[in-house]
Amino acid sequence: MQTIFRKVRIQSVSLRFGLVYSVLFISSAILFLSFVWWGTIGLLEQRVRHSIALDAHALLTEWRHDGIPGLENLINNRLAQDIDDNALYLLSAPDGKLLAGNLAHWPIRLDASLIWQTLPVLRDGQLNLAQVRVWTLQGNYLLLIGRDISERTQIQRMLTDAMLWTCLMVGLLAVGGGWVVRVLFRRIIHSINRTTLAITRGDMSRRIPVSGMGDELDDVALTINQMLDRITRLMDGVKQVSNSIAHDLRTPIARARAELEDASRSATNELALRAAIDQAAVNLDKVTGICEALLRIAQIEAGTRRSAFAIFDLATTLRDITELYEAVADEHGLRLQRNFPLHLPFRGDQAMFQQALANILDNAIKFSPPQGTINLSARYIPADSPAEHAQTGTIRIMVVDSGIGMNDADLARASERFFRAERARHTPGSGLGLALVQAIVELHGGTLRLSHNNPGLAVTIDVPAIYDYPAQL
């Protein structure tokens, strides 16, 4: 039994949390009550000593002026005016004779080495607790002044009893509060444990329930659920990419193998054999291109290519890309229009940005019908609060074509690896172009958006600018 209890006590985080809460609550309450207790008792004692000091000052002043007879008269007058009946006076002669006062005899337990003393005194046949102080006057006369503190003792006892009962109630509240805290703590822990246990058993749809109260527990649950959603999407993406890789690599490899086998069996001369080998090499080059594209995307997403970032003129890059693809567009019967400023300073990897724009223009040319138009534009969009140093505006690049476009479902998945829209199934490609563009844009801190052009597709790239450009840009 002790072993089980020790195991529960050590391993139960919720129990330790509840115990810590209870201990802190009880300790705080005891410290507060102790402060109140000592403050109240100290105030009562201070008032008693202050009252004795005032009496002493008046009596000693009278003694200095009128001597012992005047002191006796003043003591008798004070006793006659003592409405509360708690004042104690005693004047003793050198031979021990009591000259004035309301005590039956000189207290036996008086200690001459102490200034303030608390001791029992006999008055009116009753033994009461009193706080006194003794002065030695000239001629070895002794003056005792004190106060009966029996009522203060009763108040102290009542206050002590109240404090004890309060400590007991606080202890019960602390235990109850600790138990409530333990239950709440266990609820969220067990909820997380049940969810993660179900996920480890294969149920990826399980999520932590949210109470809807908007408290910290809901924040934790929502964060964990978002993490699980992200993991699920990543796992689905990994499965999809794995399937796509297997499918896209199998076709060119199978073709290369079939062509080599066919050449091995049926080639009658060196020319036919070389033609089969060249065709197999073309298919294997497709496999190599897919692997290189995947490695390039992985490097970009890991951020390892940031070392090549530098400031360059994006407008010059756009002009070079336009001049390069104008000839390609003419071959397909298309017209490539451009609209961007003379200069557009930008910080990034120029080669990667050229590759991203080339992929977009290549898709626009590939899927646009003859006599169509492709528009390439770029402009600077000022920030909403230009005064803020962190906001320097946005550079927006748009490529708009009049091609076959995509439906809403395809737009949502267009940037996934190996995804190809149904309308583009019969066109050459591996489905990695927009995935590579997405990785490059995100590496530069930007966003990629695809939208309908009716007909055609509009590709929008927003990347942060490095300067607050003049308004004419």
Engineer: Are there more than 12 heavy atoms of other residues, nucleotides or ligands under 6.0 Å from atom CZ of Arg49?
Structural biologist: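 Yes, CZ of Arg49 has more than 12 neighbouring heavy atoms, counting only those of other groups under 6.0 Å.
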Engineer: Is the shortest heavy-atom distance from the side chain of Thr373 to the side chain of Gln337 under 4.5 Å?
Structural biologist: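 The answer is yes; the side chains approach within 4.5 Å.
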Engineer: Could you tell me whether the side chain of Ser51 reaches within less than 4.5 Å of the side chain of Arg147, counting heavy atoms only?
Structural biologist: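 Yes, close enough: below the 4.5 Å cut-off.
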Engineer: To the nearest 0.5 Å, what is the distance between OG1 (Thr317) and CZ (Phe312)?
Structural biologist: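 Rounded to the nearest 0.5 Å, the OG1-CZ separation comes to 5.0 Å.
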Engineer: Indicate the atoms forming the closest heavy-atom contact of Leu342 with Ala315, along with that distance.
Structural biologist: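 Nearest pair, atom of Leu342 first, then Ala315: O-CB, 3.4 Å.
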Engineer: How far apart are the closest heavy atoms of Pro464 and Gly445, and which atoms are they?
Structural biologist: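 Smallest interatomic distance, heavy atoms only, reads CD-O, 3.4 Å.
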Engineer: Give a yes or no on whether Met158 atom CE has more than 12 heavy-atom contacts from other residues, nucleotides or ligands under 6.0 Å away.
Structural biologist: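 No - once you tally the heavy atoms of other residues, nucleotides and ligands closer than 6.0 Å, there are 12 at most.
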Engineer: For Ser368 and Asp401, work out which heavy atoms get closest and say how close.
Structural biologist: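 Heavy atoms of Ser368 and Asp401 come nearest at OG-CB, 3.5 Å.
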Engineer: Enter the distance from Arg396:CZ to Ile381:CD1 here, rounded to the nearest 0.5 Å.
Structural biologist: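 Reported to 0.5 Å precision, the distance equals 3.5 Å.
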Engineer: Let me confirm one number: the CD-CH2 distance from Glu45 to Trp116, rounded to the nearest 0.5 Å.
Structural biologist: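 Going from CD on Glu45 over to CH2 on Trp116, the span is 9.0 Å.
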Engineer: Is there a side-chain contact between His452 and Leu457 (heavy atoms, below 4.5 Å)?
Structural biologist: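 No - every pair of side-chain heavy atoms lies 4.5 Å or more apart.
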Engineer: What are the two closest non-hydrogen atoms of Pro345 and Asp313, and how far apart are they?
Structural biologist: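 Heavy-atom minimum between the residues: N-OD1, 4.2 Å.
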Engineer: Are the side chains of Ile374 and Ile365 in contact, using a 4.5 Å heavy-atom criterion?
Structural biologist: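 Yes, close enough: below the 4.5 Å cut-off.
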Engineer: Without hydrogens or angle criteria, can the side chains of Arg338 and Ser377 be said to hold a donor-acceptor pair below 3.5 Å?
Structural biologist: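 Side-chain D/A pair, Arg338 to Ser377: absent.
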Engineer: Show the nearest heavy-atom pair for residues Leu334 and Asp330, with the distance to one decimal.
Structural biologist: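 Shortest heavy-atom separation between Leu334 and Asp330 comes out as O-OD1, 3.6 Å.
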Engineer: Measure across Ala378 and Leu318 and return the closest heavy-atom pair with its distance rounded to 0.1 Å.
Structural biologist: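 Closest approach of Ala378 to Leu318, heavy atoms only: CB-CD1, 3.5 Å.
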Engineer: Name the residue from Ile321, Leu324, Asn359, Ile440 that meets the side-chain contact (heavy atoms from CB on, under 4.5 Å) definition with Gln354.
Structural biologist: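 Only one option passes, and that is Ile321.
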Engineer: Identify whether the distance between the nearest side-chain nitrogen and carboxylate oxygen of Arg449 and Asp462 falls below 4.0 Å.
Structural biologist: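 Answer for the salt bridge query: yes.
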Engineer: How many angstroms lie between CG in Leu376 and CG in Leu336, if you round to the nearest 0.5 Å?
Structural biologist: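 Here the interatomic distance stands at 6.5 Å.
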Engineer: Are the side chains of Val132 and Leu119 in touch, meaning some heavy atoms are under 4.5 Å apart?
Structural biologist: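 They are in contact (side-chain heavy atoms under 4.5 Å apart), so the answer is yes.
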Engineer: Between the side chains of Arg319 and Thr316, is a donor N or O closer than 3.5 angstrom to an acceptor N or O?
Structural biologist: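 Indeed, the side chains of Arg319 and Thr316 share at least one donor-acceptor pair under 3.5 Å.
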Engineer: Are Val463 and Thr394 side-chain neighbours, meaning at least one heavy-atom pair lies under 4.5 Å?
Structural biologist: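 Not touching, per the 4.5 Å side-chain cut-off.
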Engineer: Do Ile397 and Thr460 have side chains that get closer than 4.5 Å, going by heavy atoms?
Structural biologist: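 Not touching, per the 4.5 Å side-chain cut-off.
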Engineer: Side chains of Asn375 and Asn339: does their closest heavy-atom pair fall under 4.5 Å?
Structural biologist: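 Side-chain contact under 4.5 Å: no.
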Engineer: Passes side-chain contact (heavy atoms from CB on, under 4.5 Å), Ile461 versus Ile360? Steps please.
Structural biologist: CA-CA 11 Å; Ile461 297 176; Ile360 297 174; 3.6 Å; yes
Engineer: Going from CG on Asp320 to CG on Leu357, what distance comes out if it is rounded to the nearest 0.5 angstrom?
Structural biologist: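 Taking CG in Asp320 and CG in Leu357, the distance rounds to 11.0 Å.
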Engineer: Hey, what do you get for CG (Asp349) to CD (Gln355), rounding to the nearest 0.5 Å?
Structural biologist: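 Going from CG on Asp349 over to CD on Gln355, the span is 9.5 Å.
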Engineer: Can you label the angle between the Phe346 ring and the His444 ring as parallel, tilted or perpendicular, going by 30° and 60°?
Structural biologist: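 Taking His444 first and then Phe346, their aromatic rings lie parallel (interplane angle under 30°).
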